[in-house]
Amino acid sequence: MATLKIQNTLGNTKEEFIPVDSSHVRIYACGPTVYDYAHIGNARMAVVNDLLVRLLRRLYSKVTYVSNITDIDDKIIEAAQNAEAPFQELTRKFEKIYNEDMSALGVFLPDVQPRATEYIGDMIGLTKKLIETEYAYEKDGHVLFHVPSFKKYGCLSKRDREEQILGSRVEVAPYKKDPTDFVLWKPSPDPLPGWDSPWGFGRPGWHLECSTMSEKTLGLPFDIHSGGMDLTFPHHENEIAQSCGAHNKADDPRYFAKYWFHNGFVIVDGEKMSKSIGNIKLVHDLINNYHGEVLRLTLLSAHYRQPLNWTVNSINQNNAMLERLYRGVKELNKIEASSKGYDVPDSIMEALCDDLNTPKALAELNLLANSISDASADEKKKIKGKILATGKLIGILQEDPDKWLGYGYSESLDSKTIENLIKKRNEARRDKNFVLADSIRDELKNKKIEIEDTKDGTIWRSIE
RNA sequence: GGCUCGGUGGCAGAGUGGUUAUGUAGGGGCCUGCAAAGCCUUGCACAGCGGUUCGAUUCCGCUCCGAGCCUCCA
């Protein structure tokens, strides 16, 4: 069995994955803040983690995957105010859409999807602990984490506290003892949502929820904590400070999570995705134009830590690759898959286990598909088993190939009409009346029907 | 300014101290009445300059260019 290696942001090296408890692997991914439609960057995180979890499930008997829903936050409050609706209405709506959109990309629901608002009591508890351990202090209804008290602060993002203060561009709030202190709990003035706490009516700071929910759902320490690269600082750095501080484990950042797994950004046509440029690609829109598998494959076409340039060209290239793979599966459908449990090939497992090297894995899959043409019938059985198992693991090739390629499916003509035209054409061909035969083919092509003369007769498919 | 990470063939994108992935697009061919699909074949890529080495795209240094974080952000 191939051993899994992953790049650990904590230490910034590729490490062999050794679970805290090999009988139960536990992973937590920072999930979305649900106030708007998910964009392709959110999807990359979801797809990459989904694949990592699928891989872990092959390697370990029990895996628990937790990914939260952030359903209270300043942006949510703002969006709810603009919509003139209770924030819960907004968050439930976009949580549902998020899950539907991710499902379209072949992302399985996490085992646990905790909502921040359902853990407020535990967040208050964690904050109390941090006050007890003297890593936090209260001031004017705020509770702040005192960063200078946490010696290892910066260990994840490799940031120097002093330089951070120098490089800071924001004004320091008056209630902070130190410019780098961050909020655990803050007051919520009347119209804003909030909860009662020992420090008055308020709401949690952003970082607190993940420390709380990961501990409550998985226990400490757990194995992998993941998220987008931008979360490394400050979000994940602060989570470590909170979780290790609360448990008096300030010297041991791994007491919280052992491995930190961060995915790179998606850029669009070479530019950063941003509201001001107006180039945000929403999954909700993309799935109207492309099958989820095409989008998933495109997201996996680059290594997860590299920037991914999202362009129409790259979607098309991956679409072409997927179509060819489906043709391979269609070819193999003429034979039974081997019943001898032909599984994901070692070469592909090795690639995936090597820090989730999906481009390498896909290259190996292509090589496998290339081997179909000159394989014996017996070999084809094995190849079929391997391709299907691989497709299942990485979340592609799950559709019926005929349907994917459009064989026997048409929206413009009913199949009887098509069959009749094909019959007429074949009669014309028999009579060597190629002018007529070609005109019938052109007629069908105009109706988005393409025909193929195979040795088993003429078949047709709808094309876009 | 600080900290990361990159610059690979038309495009996408792995990887390696010496044997030049993979896909996609293009060229040529086979097959076909012609197509379509498939198959075969082809392309001497590794930002620049130095250094280490028998040998560097791969290691080291410098230069140039790009991206991300340092403020909400996947």
Side-chain angles (χ1 to χ4, degrees), chain A residues 7 9 12 29-33 38-49 70 73-75 78 154 157-160 162-171 180 206 226-235 237 262-267 270-275 280 297-298 300-303 305-309 311 313-325 327-328 330-331 347 351 354 357-370 372-374 405 407 428-430 432-435 437-438 441-442 445 450-455 458-461 463:
Chain A
Q7 179 79 14
T9 309
N12 207 224
C30 282
T33 302
H39 54 65
I40 197 67
N42 298 301
R44 188 182 197 189
M45 170 265 154
V47 166
V48 165
N49 280 282
T70 297
D73 151 273
D74 289 358
K75 287 194 299 295
E78 194 186 324
S157 54
K158 288 155 213 75
R159 233 164 269 270
D160 184 82
E162 301 294 327
E163 279 169 0
Q164 220 181 287
I165 296 166
L166 292 172
S168 178
R169 279 171 261 160
V170 283
E171 247 181 79
T180 57
W206 171 39
S226 59
M229 243 162 201
D230 55 322
L231 296 184
T232 309
F233 189 89
H235 187 52
E237 196 72 66
H262 290 109
N263 64 273
F265 262 46
V266 177
I267 55 176
E271 286 186 298
K272 182 177 175 168
M273 224 180 355
S274 79
K275 279 189 177 156
I280 294 183
L297 186 63
T298 304
L300 295 175
S301 66
H303 184 84
R305 272 188 288 108
Q306 294 304 127
L308 179 74
N309 192 192
T311 64
N313 187 240
S314 72
I315 302 170
N316 288 340
Q317 288 186 10
N318 283 286
N319 182 233
M321 174 164 96
L322 195 52
E323 184 165 315
R324 185 165 154 279
L325 288 170
R327 284 191 184 280
K330 179 177 165 60
E331 165 71 20
S347 61
D354 184 13
N357 190 340
T358 51
K360 181 84 192 321
L362 292 170
E364 294 293 338
L365 179 60
N366 280 313
L367 247 22
L368 194 60
N370 293 346
I372 294 169
S373 59
D374 56 348
L405 298 165
Y407 287 101
R429 289 172 72 209
R430 206 172 305 131
K432 307 272 186 216
N433 186 350
F434 296 121
V435 176
D438 289 351
R441 185 172 60 203
D442 291 344
K445 190 122 192 178
E450 189 175 78
I451 56 180
E452 296 173 21
D453 298 322
T454 74
K455 60 180 189 299
T458 302
I459 57 175
W460 60 273
R461 61 187 284 248
I463 53 174

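Fair warning: this is a prediction, and the values are worked out from it, not measured in the lab. So you know, we letter chains A, B, ... as the sequences are listed, proteins then strands, and number each from 1.
- A:N319 and A:E323 share no side-chain donor-acceptor pair at under 3.5 Å.
- Minimum atom distance to the side chain of A:A302 is reached by B:G13, of the listed B:G13, B:A37, B:C39.
- At distances below 3.5 Å, at least one donor-acceptor pair connects side-chain atoms of A:T358 with backbone N or O atoms of A:L300.
- Rounded to a whole Å, the CE atom of A:M229 is 18 Å from the P atom of B:C3.
- Taking atom P on both nucleotides, B:A45 is separated from B:U22 by 16 Å, rounded to a whole Å.
- Of the inter-residue distances, the one linking A:L365 atom CG with A:S347 atom OG reads 9.0 Å to the nearest 0.5 angstrom.
- On the P atoms, B:U53 is 34 Å away from B:G1, given to the nearest whole Å.
- Considering only the side chain of A:W206, B:C72 comes nearest among B:C72, B:C70, B:U24.
- For the pair A:N316 and B:C11, the criterion of a side-chain N or O lying under 4.0 Å from OP1 or OP2 is not met.
- Side-chain proximity of A:N366 to the nucleotides B:G23, B:U24, B:G13 is greatest for B:G23.
- Closest contact between the side chain of A:A363 and the listed nucleotides B:U22, B:A37, B:C34 involves B:U22.
- Within the 4.5 Å cutoff, no side-chain heavy atoms of A:I40 are placed close to those of A:I280.
- Put simply, the side chain of A:N370 and the base of B:C39 share no donor and acceptor less than 3.5 Å apart.
- Remark: P of B:A74 and CE of A:M273 are 9 Å apart, rounded to the nearest angstrom.
- For the pair A:W460 and B:A36, the criterion of a side-chain N or O lying under 4.0 Å from OP1 or OP2 is not met.
- A:L367 comes within contact range of the sugar-phosphate backbone alone, with a heavy-atom separation under 4.0 Å but no base atom that close.
- By the 5.5 angstrom centroid cut-off and the 30-degree plane limit, A:F265 is classified as not stacked against the base of B:A67.
- A:Q306 comes within 4.0 angstrom of sugar-phosphate atoms only, judged by non-hydrogen atoms across all strands, and of no base.
- Base contact: A:R441 has a heavy atom under 4.0 Å from a base atom.
- When each of A:N318 and A:D73 is assigned the nucleotide of RNA chain B bearing its nearest heavy atom, the one mapping closer to the 5' terminus is A:N318.
- Between the CD1 atom of A:I459 and the C1' atom of B:A37 there is a distance of 8 Å, rounded to whole Å.
- Between A:R441 and A:D438 there is a salt bridge, since at least one side-chain N of the basic residue sits less than 4.0 Å from a carboxylate O of the acidic one.
- One interatomic measurement links the two molecules: CD1 of A:I372 to P of B:A37, which rounds to 17 Å at whole-angstrom precision.
- Atom CG of A:N357 is separated from atom P of B:A14 by 7 Å (rounded to the nearest Å).
- Across the strands present, B:G38 finds its partner in B:C30; the criterion is a Watson-Crick or G-U wobble pair with both atom distances under 3.5 angstrom.
- Within the shown strands, B:G68 is the pairing partner of B:C3 under the Watson-Crick or G-U definition, both distances less than 3.5 Å.
- On the C1' atoms, B:U8 is 7 Å away from B:U57, given to the nearest whole Å.
- The residue A:D74 sits apart from the nucleic acid: no heavy atom pair falls under 4.0 Å.
- Taking 4.0 Å as the cut-off between side-chain N and carboxylate O, A:E331 and A:R327 do not count as a salt-bridged pair.
- Using modelled atom types, one finds no donor on one side chain facing an acceptor on the other under 3.5 Å when comparing A:D73 with A:T33.
- Each of B:C34, B:U24, B:A74 was ranked by its minimum atom distance to the side chain of A:D438; first place goes to B:C34.
- Atom CZ of A:R305 and atom CG of A:N357 lie 9.5 Å apart (nearest 0.5 Å).
- With both ends at atom C1', the span from B:C46 to B:A12 equals 15 Å, rounded to whole Å.
- The gap from the C1' atom of B:G2 to that of B:U71 amounts to 16 Å, rounded to the nearest Å.
- Summary of the strand contacts: A:N309 and A:I451 both lie near RNA chain B, and taking for each the nucleotide with the nearest heavy atom, the more 5' one is attributed to A:N309.
- Side-chain proximity of A:R159 to the nucleotides B:C34, B:A36, B:G2 is greatest for B:G2.
- Counting non-hydrogen atoms under 4.0 angstrom, A:R429 reaches a base of the nucleic acid.
- Side chain of A:F233, nearest nucleotide from B:C70, B:A35, B:A74: B:C70.
- If you measure from atom CD of A:Q317 to atom P of B:A14, you get 13 Å, rounded to the nearest angstrom.
- Look at NE2 on A:H262: it is 13 Å from P on B:C73, rounded to the nearest Å.
- If you check every strand for non-hydrogen atoms under 4.0 Å, A:S314 touches nothing.
- As rounded to whole Å, 14 Å separates atom P of B:C72 from atom CD of A:E78.
- Among the atoms of the strands shown, only primed sugar atoms or phosphate atoms (P, OP1, OP2) are found under 4.0 Å from some heavy atom of A:N12.
- Nucleotide B:A45 has no partner under the Watson-Crick or G-U criteria, as no pair reaches both atom distances under 3.5 Å.
- The same atom, P, is picked in B:C44 and in B:C39; the two are 24 Å apart, to the nearest Å.
- Using a 4.0 Å heavy-atom distance criterion, A:G41 is classed as a base contact.
- Contacts of A:G264 with the nucleic acid, taken as non-hydrogen atoms under 4.0 Å apart, include base atoms.
- Under the 4.5 Å side-chain criterion, counting only non-hydrogen atoms from C-beta, A:Q7 is in contact with A:N12.
- With a cut-off of 3.5 Å on both Watson-Crick or G-U wobble distances, the partner of B:U52 is given as none.
- The P atoms of B:C60 and B:G23 are separated by 31 Å, rounded to the nearest whole Å.
- Using P as the reference atom, B:C59 and B:G15 are 12 Å apart when rounded to the nearest Å.
- OP1 and OP2 of B:U71 both lie 4.0 Å or more from every side-chain N or O belonging to A:K75.
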